[in-house]
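Everything below concerns the one structure shown next.
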Amino acid sequence: MRNKTTAPRSKPNRNSIGLEKCRTGIPGMDDLTDGGLPRGRPTLVCGGAGCGKTLLGMEFVIHGITDFGEPGVFMSFEETEEELAQNMASLGFDLPALVRQKKLDIDYVRIERSEIEETGEYDLEGLFVRLGALIDELGAKRVVLDTIEALFAGLPNEAILRAELRRLFRWLKDRGVTTIITGERGDNTLTRYGLEEYVSDCVIVLDHRVREQIATRRLRVVKYRGSKHGTNECPVLIDEHGLCVLPISSLRLDYPVTQKRVSSGIQPLDAMLGGKGYYWGSSILVSGGAGSGKSSLATAFVDGICREGLKCVYVSFEESPDQVARNMASIGFDLNKWVKQGRLMFHSMRSTASGLEMHLANIVKMVQQFHPDGIVIDPVTNLISVGKGEEIKEMLTRVIDYLKSKSITSLFTSLTLADSPAEQSEVGISSLMDTWLLLRIIESANERNRILYVLKSRGMAHSNQMREFLLTDNGIKLCNPYLGAGAVLTGSARLVQETKDREQMLKEQQSVDHRCRELAAERLTLEAQMEALKLRRIALQEESKLAETDAQLHQEQTRQDQKQLSISRKAD
Amino acid sequence: MGNSVTGTGLAALTKARRQRDSSKYLLKLYVAGVTPHSAEAIRNVSTVCEKHLHNRYELEIIDIYQQPTLARGEQIIAAPTLIRKLPLPLRRLIGNLASENTVLVGLDLLPR
């Protein structure tokens with residue numbers, strides 16, 4: 001418990017000058033009070049009926065014993081030892097065992113107004129003696145007086161009572177015990193009988209409010225002398241393990257970050273996110289209209305995480321685990337397998353089943369028990385039914401900061417209404433998110449087709465492309481939509497257009513081929529002609545040679561003939 | 001203890017009253033050390049008892065500083081506290097018992 005509840009900074013302040021703190025051991029409480037209650041001083045815890053005053057006091061004492069080795073005395077003015085033991089047993093605390101170990105003593109102070117008669121001056125020494133004896137016997141360091149205001153109902157002389165209470169608180173301080181005094185809340189004052197007048201070191205107010213039929217307990221440190229403390233109202237939860245304070249102020253923007261990436265479970269989407277997927281420990285918002293595939297995208301993420309041998313929690317506010325598993329099996333995700341292997345934990349709950357704080361606590365509890373690497377909350381917008389926008393944002397801030405401090409990658413789905421702009425997340429949480437994926441439905445040609453794009457993704461060069469998002473039997477496919485002629489075409493229109501394009505290309509190819517063939521033919525013709533001419537030239541050369549030879553022969557003949565003639569004429 | 005109410009109505013009440021009037025008083029005075037209040041209370045209770053409960057009372061004076069566990073067992077808050085153990089019902093008279101009238105009313109020796 002010690003490890004779970006406290007950050008290193010909430011170690012008790014041992015500074016000799018500063019105020020020494022007494023850790024309560026109540027989850028969150030020590031963060032809020034910067035280390036615990038003022039040691040050796042009384043603290044007033046006030047609040048209305050049923051807001052957890054007694055429980056806070058009891059846990060303060062019990063944790064003191066079990067976690068810090070400080071015995072404690074619980075002086076009850078309202079409930080008997082047996083009643084307290086029974087009540088605390090339901091939260092897993094075994095009071096009788098602690099009493100047997102001489103670590104705890106519960107003293108029930110019974111004041112019966114009808115038995116009492118005032119007959120003059122008196123003091124409350126009886127109470128002092130009882131308390132003193134118990135403190136001495138156990139060596140108690142912690143004392144709870146619950147609710148000391150019961151004295152006002154039992155003892156009529158308020159003047160004496162007030163003087164004695166002042167003395168009691170002084171006395172407790174002198175004894176050096178850290179005390180919690182509980183008080184019923186008054187109409188306009190913190191306590192009905194003005195106890196805050198006497199206990200001025202630390203005042204904590206508990207509140208139990210019901211709004212829209214959902215009850216929420218809250219805690220606020222009104223004052224704390226000599227110490228810094230959170231001043232905000234913090235939700236308080238009482239679950240089967242007891243009280244738990246969820247301080248908002250203790251969460252700071254100083255969580256560690258890594259360069260590590262985690263797959264979105266869809267390869268093309270990883271490619272769109274700088275090639276590697278989401279950052280490890282970042283927060284992702286998937287928003288879109290009804291039926292746009294948010295849960296499917298979330299499931300892909302879960303599946304991706306589980307495939308890598310890591311663990312994941314799926315919080316569904318809409319569907320039962322079986323229903324999610326069945327529906328996701330239809331697109332090729334076998335979630336039951338991961339559940340069986342202990343890698344996936346489902347948590348299905350109607351958002352209206354409890355207040356926001358309870359949901360937050362449930363998430364925190366699951367994280368503490370299951371140690372997941374990723375978590376899906378589907379859908380976050382369902383929480384609107386249990387809280388106002390600001391509250392949801394506040395709670396989500398806490399969830400996200402908590403998850404980030406644990407380096408858990410979180411994916412939230414958000415339902416956007418059909419008529420609201422897509423870029424407006426319903427609960428105004430977009431600024432808390434590191435990566436925002438938008439799913440849109442485009443209606444055209446009697447079809448609704450899904451489009452996915454990355455609206456933002458901090459710290460990575462993400463794609464600016466719109467991709468068509470297809471849910472197939474074998475999982476999620478992302479394909480490039482038809483981008484051309486100033487229109488994005490999806491679905492059948494894309495297919496038609498693609499077919500058209502293919503035809504067009506085929507045609508173009510054919511015409512090119514045809515032209516090439518024509519040109520080749522022409523070239524062949526020319527070449528044939530050239531060959532013919534070449535032959536003709538050769539023929540002409542031959543002919544001219546022949547002619548020349550003929551001419552020479554003719555001349556020779558002529559000369560011989562003339563010679564013959566001259567011989568025959570017996571010329572000289 | 002003779003405080004059983006039998007029968008009904010006024011007769012029964014009267015009988016009970018008579019029984020109580022004659023019954024023995026068992027008183028315990030718890031004081032916290034020797035303080036002026038303690039001294040006054042002891043003196044006052046002794047006076048009242050002697051005067052009104054002569055020979056039919058038993059008074060024990062206990063210092064809760066000496067026996068702090070008794071303070072718890074007897075549900076003592078204020079000091080001094082005079083507890084009327086008998087006759088029933090149990091009564092607690094807190095204070096130094098300075099007002100004799102109130103003491104007598106508290107011990108049911110005077111009607112309210």
Side-chain angles (χ1 to χ4, degrees), chain A residues 73-81 99 102 105-138 140 145 147-165 167-168 171 175, chain B residues 27-45 47-49 62-85 88-110 112:
Chain A
V73 171
F74 193 96
M75 195 169 241
S76 169
F77 293 82
E78 282 178 337
E79 291 171 281
T80 64
E81 293 90 334
V99 172
K102 293 264 172 209
D105 213 333
I106 303 168
D107 187 3
Y108 168 56
V109 179
R110 195 173 62 93
I111 305 163
E112 195 67 60
R113 181 70 188 91
S114 60
E115 287 179 356
I116 295 173
E117 202 77 48
E118 269 190 340
T119 65
E121 295 280 309
Y122 61 93
D123 53 38
L124 292 186
E125 201 56 32
L127 203 64
F128 283 68
V129 167
R130 283 165 79 167
L131 203 48
L134 289 175
I135 293 171
D136 291 340
E137 195 188 329
L138 301 177
L145 302 173
T147 304
I148 202 156
E149 285 182 323
L151 288 173
F152 284 93
L155 303 174
N157 194 332
E158 221 179 288
I160 290 180
L161 209 49
R162 288 190 180 278
E164 286 296 287
L165 283 183
R167 189 164 72 92
L168 177 67
W171 178 79
R175 304 266 337 212
Chain B
L27 304 174
K28 291 194 176 188
L29 179 65
Y30 290 87
V31 292
V34 192
T35 61
H37 283 331
S38 305
E40 279 162 36
I42 294 167
R43 199 169 54 241
N44 290 335
V45 75
T47 317
V48 168
C49 288
I62 298 138
D63 184 357
I64 51 173
Y65 285 153
Q66 309 296 324
Q67 289 167 290
T69 44
L70 278 184
R72 184 176 179 178
E74 286 286 5
Q75 287 289 357
I76 306 297
I77 307 153
T81 296
L82 178 68
I83 297 184
R84 187 187 77 178
K85 291 282 215 182
L88 290 174
L90 191 121
R91 288 224 174 273
R92 293 162 190 275
L93 279 68
I94 59 171
N96 59 5
L97 311 166
S99 148
E100 191 181 326
N101 222 34
T102 327
V103 174
L104 292 175
V105 170
L107 292 175
D108 286 334
L109 293 168
L110 272 183
R112 264 158 212 277

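So you know, we letter chains A, B, ... as the sequences are listed, proteins then strands, and number each from 1.
The residues B:Lys85 and B:Glu74 are annotated as salt-bridged, a charged nitrogen and a carboxylate oxygen being separated by less than 4.0 angstrom.
Per-residue counts of heavy-atom pairs under 4.5 Å with chain A were compared for B:Gly106, B:Gly33, B:Ala71; the largest is that of B:Ala71. Chain B forms the most heavy-atom pairs under 4.5 Å with one residue out of A:Leu124, A:Asp123, A:Asn157, and that residue is A:Asp123. Here A:Glu118 is the residue among A:Glu137, A:Glu164, A:Glu118 with the most heavy-atom pairs under 4.5 Å with chain B. The residue among B:His37, B:Arg72, B:Arg91 with the most heavy atom pairs within less than 4.5 Å of chain A is B:Arg72. Interface remark: of the candidates B:Ala79, B:Ser99, B:Pro80, B:Ala79 forms the most heavy-atom pairs closer than 4.5 Å to chain A.
For a residue to count as touching a neighbouring chain, one of its non-hydrogen atoms must lie under 4.5 Å from one of that chain's; by this rule A:Ile160 does not touch chain B. Contact annotation for A:Leu131: neither backbone nor side-chain heavy atoms come within less than 4.5 Å of a heavy atom of chain B. Heavy-atom distances place no part of A:Phe128 under 4.5 Å from chain B, backbone and side chain included. Using a 4.5 Å cut-off between heavy atoms, A:Asp105 touches chain B through its side chain atoms alone.
Residues B:Leu82 and A:Thr119 form no side-chain contact, since every pair of their non-hydrogen atoms from C-beta on lies 4.5 Å or further apart. Between B:Val103 and B:Asn44, every side-chain heavy-atom pair lies at or beyond the 4.5 Å cut-off.
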Derivation of the side chain to side chain contact (heavy atoms under 4.5 Å, CB included) call for B:Glu40 and A:Glu121: CA-CA 10 Å; B:Glu40 279 162 36; A:Glu121 295 280 309; 5.5 Å; no
Chi angles and distances behind the side chain to side chain contact (heavy atoms under 4.5 Å, CB included) call for A:Met75, A:Leu127: CA-CA 10 Å; A:Met75 195 169 241; A:Leu127 203 64; 4.0 Å; yes
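A donor-acceptor pair is defined here as one N or O able to donate and one able to accept, closer than 3.5 Å; such a pair exists between the side chain of B:Arg84 and the backbone of B:Leu107. Between the side chain of B:Gln75 and the backbone N or O of A:Arg110, at least one donor-acceptor pair lies under 3.5 Å.
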